[in-house]
*Asks:* 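Structure in structure tokens, see below.
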Amino acid sequence: MTCPHCGASVSNHERQCPYCNSFLENKTDDIPNSAFEARGQQARPMFQAQGPDTPQPLLIVLSLMIPFFGIILGVIHTSGGHPKSGKLYIILGALSFFLISCGTFLLPLAFSAFSVFSAFKS
């Protein structure tokens, strides 16, 4: 592209001429929206899981022990092309989160309610 004011050769992506500092009229249709379009490539997923879609025993145990790890791992596997194991990790992580929260809050509440009722009986 050439500058209409000074006639210097300017890059198509420039908005202002580096020689005479005049503003250039660029067509926004010619400017690519992303680096993928500039290279002519298609966008690929960030993570692509390899191998068969079978749940791993170690990851199942970790999903049960650390609920947030199971949920995050399930989302990664589901978006990476392993929906079967991803859904299992999400379900196990959510179930583990529910059971841990019940054990943390409801069991002490039940024991305290039991001790209050037993105190009234005697």
*Asks:* Tell me which donor-acceptor pairs under 3.5 Å the side chains of residues 107-117 have, and how far apart each pair is, sequence neighbours excluded?
*Replies:*
{"unit_1": "Ser112", "atom_1": "OG", "unit_2": "Pro108", "atom_2": "O", "d": "3.3"}
{"unit_1": "Ser112", "atom_1": "OG", "unit_2": "Leu109", "atom_2": "O", "d": "2.8"}
{"unit_1": "Ser115", "atom_1": "OG", "unit_2": "Phe111", "atom_2": "O", "d": "3.4"}
{"unit_1": "Ser115", "atom_1": "OG", "unit_2": "Ser112", "atom_2": "O", "d": "2.7"}

*Asks:* When hydrophobic residues are tied together by side-chain contacts of less than 4.5 Å, even through go-betweens, does Leu106 share a cluster with Leu99?
*Replies:*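 Leu106 and Leu99: separate clusters.
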*Asks:* Mind listing the closest non-hydrogen atom pair of Pro18 and Val10 along with its distance?
*Replies:*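 Looks like CD-CG1, 4.0 Å.
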*Asks:* For Cys20, which residues count as a side-chain contact (heavy atoms from CB on, under 4.5 Å) partner, sequence neighbours excluded?
*Replies:*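 For Cys20, the residues satisfying side-chain contact (heavy atoms from CB on, under 4.5 Å) (neighbours in sequence not counted) are Cys3, His5, Cys6, Cys17, Ser22.
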*Asks:* Using modelled atom types only, decide if a donor and an acceptor are shared between the side chain of Thr78 and the backbone of Val75 within a distance under 3.5 Å.
*Replies:*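 Absent.
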*Asks:* Using a 3.5 Å cut-off and no angle test, enumerate the donor-acceptor pairs between side-chain atoms of residues 85-97 and protein atoms at least two apart in sequence or in another chain.
*Replies:*
{"unit_1": "Ser85", "atom_1": "OG", "unit_2": "Asp53", "atom_2": "OD1", "d": "2.9"}
{"unit_1": "Tyr89", "atom_1": "OH", "unit_2": "Gln56", "atom_2": "N", "d": "2.9"}
{"unit_1": "Ser96", "atom_1": "OG", "unit_2": "Leu64", "atom_2": "O", "d": "2.4"}

*Asks:* With clusters defined by side-chain heavy atoms of hydrophobic residues (ILVMFWY) lying less than 4.5 Å apart, directly or transitively, does Ile60 cluster with Leu62?
*Replies:*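 Yes.
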*Asks:* Specify the closest pair of heavy atoms between Pro52 and His82, including all atoms of both residues, with the distance to one decimal.
*Replies:*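 Closest heavy-atom pair between Pro52 and His82: O-CE1, 3.6 Å.
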*Asks:* Could you work out the complete set of other residues in the hydrophobic cluster of Tyr19, with links drawn between I, L, V, M, F, W and Y side chains under 4.5 Å apart?
*Replies:*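 Tyr19 shares its hydrophobic cluster with no other residue.
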*Asks:* Quick check: is Met65 connected to Phe68 through a chain of hydrophobic side chains (ILVMFWY, heavy atoms under 4.5 Å apart)?
*Replies:*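 The answer is no; the residues belong to distinct hydrophobic clusters.
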*Asks:* Could you see if Ile66 belongs to whatever hydrophobic cluster contains Leu73? Use Ile, Leu, Val, Met, Phe, Trp, Tyr and a side-chain cutoff under 4.5 Å.
*Replies:*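 Shared cluster, yes.
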